[in-house]
Trainee: 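First, the structure itself, so that you have it in front of you.
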Amino acid sequence: MEWGDSMFKQMRYFISVVDTGSFTKAAEECYISQSAISQQIKSLEDELDVKLLKRNKKSFSLTSAGEYFYNHAKNVLEEVDKLCEKTKEIDEDENVLKI
């Protein structure tokens with residue numbers, strides 16, 4: 001499995017869908033169309049080769065794998081956000097010291 005920007009985006013989209021309980025609300029939150037977010041979740045499932053969501057007509061629930069992925073993806077993305085934030089802080093501090 002190749003990790004890249006698209007995987008992180010898909011993880012964010014998946015978390016948004018679960019957090020909002022809605023593909024439509026998640027799409028609005030992520031500034032993409034509902035069909036695009038649905039396609040991204042499907043691509044994520046295809047890439048992982050697992051079903052993350054049990055889809056019903058107008059709702060969904062998490063599979064066991066989906067629940068595991070959701071919880072750990074949230075932690076991973078929080079760590080990535082912290083990593084980026086801290087890296088920027090270090091750079092800003094270094095640039096201030098050079099002046």
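Every value quoted in this text rests on a predicted model; they were computed, and no experiment measured them. Each residue takes its place number in the sequence, starting with 1. Hydrogens, waters and symmetry mates are skipped; everything else that's a heavy atom, side chains included, is used.
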Trainee: CD1/Ile90 to CD/Glu85 distance, rounded to the nearest 0.5 angstrom?
Mentor: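 These two atoms lie 11.5 Å from each other.
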
Trainee: Locate the shortest heavy-atom distance separating Gln40 from Gln10; write the atom from each residue and the value.
Mentor: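 Heavy-atom minimum between the residues: OE1-CG, 3.2 Å.
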
Trainee: Nearest 0.5 Å please: distance from the CE atom of Met11 over to the NE2 atom of His72.
Mentor: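 Result: 11.0 Å between the selected atoms.
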
Trainee: Charged N to carboxylate O under 4.0 angstrom, Asp19 versus Lys25?
Mentor: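 Not counted as a salt bridge, because no side-chain N and carboxylate O are separated by less than 4.0 Å.
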
Trainee: What are the two closest heavy atoms between Lys51 and Ala65, and how far apart are they?
Mentor: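 Closest heavy-atom pair between Lys51 and Ala65: O-CB, 4.1 Å.
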
Trainee: Which is it for Thr24 and Gln34 under the side-chain hydrogen bond (donor to acceptor under 3.5 Å, both in side chains) test, yes or no, and what are the steps along the way?
Mentor: CA-CA 5 Å; Thr24 302; Gln34 188 273 330; 5.1 Å; no

Trainee: Please check this pair: side chain of Glu45 against backbone of Leu53, looking for a donor-acceptor N/O pair closer than 3.5 Å.
Mentor: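 Side chain of Glu45 to backbone of Leu53: a pair is present.
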
Trainee: Quick one: does any side-chain atom of Asn71 pair with a main-chain N or O of Glu67 as donor and acceptor, under 3.5 Å?
Mentor: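 Flag set: sc Asn71 to bb Glu67 pair under 3.5 Å.
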
Trainee: Show the numbers, then the answer: is there a side chain to side chain contact (heavy atoms under 4.5 Å, CB included) between Lys9 and Ile32?
Mentor: CA-CA 12 Å; Lys9 280 184 184 177; Ile32 63 172; over 6 Å; no

Trainee: Hey, which of Val17, Ile37, Thr20 is the one that makes side-chain contact (heavy atoms from CB on, under 4.5 Å) with Cys30?
Mentor: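 Option passing the side-chain contact (heavy atoms from CB on, under 4.5 Å) with Cys30: Ile37.
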
Trainee: When rounded to the nearest 0.5 angstrom, what is the spacing between OG in Ser33 and CD in Gln39?
Mentor: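 Here the interatomic distance stands at 7.0 Å.
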
Trainee: Let me see the working for Asp81 and Arg12 under salt bridge (Lys or Arg N to Asp or Glu O under 4.0 Å), right down to the final yes or no.
Mentor: CA-CA 12 Å; Asp81 290 343; Arg12 289 187 193 283; 2.8 Å; yes

Trainee: Taking the side chain as every heavy atom from C-beta outward, state whether Leu52 and Leu48 have any atom pair closer than 4.5 Å.
Mentor: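 They are in contact (side-chain heavy atoms under 4.5 Å apart), so the answer is yes.
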
Trainee: So, taking the atom named OG in Ser22 and the one named CD in Glu29, what distance separates them when rounded to the nearest 0.5 Å?
Mentor: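 Result: 10.0 Å between the selected atoms.
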
Trainee: As an exercise, state the distance from OH of Tyr13 to OG of Ser43, rounded to the nearest 0.5 Å.
Mentor: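 These two atoms lie 11.0 Å from each other.
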
Trainee: In Å, rounded to the nearest 0.5 Å, how long is the span from CG of Leu83 to NZ of Lys88?
Mentor: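 Interatomic distance, Leu83 CG to Lys88 NZ, rounded to 0.5 Å: 10.5 Å.
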
Trainee: Between Leu44, Ile15, Leu62, Val50, which is the residue that forms a side-chain contact (heavy atoms from CB on, under 4.5 Å) with Phe69?
Mentor: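 Exactly one option meets the side-chain contact (heavy atoms from CB on, under 4.5 Å) with Phe69, and it is Leu44.
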
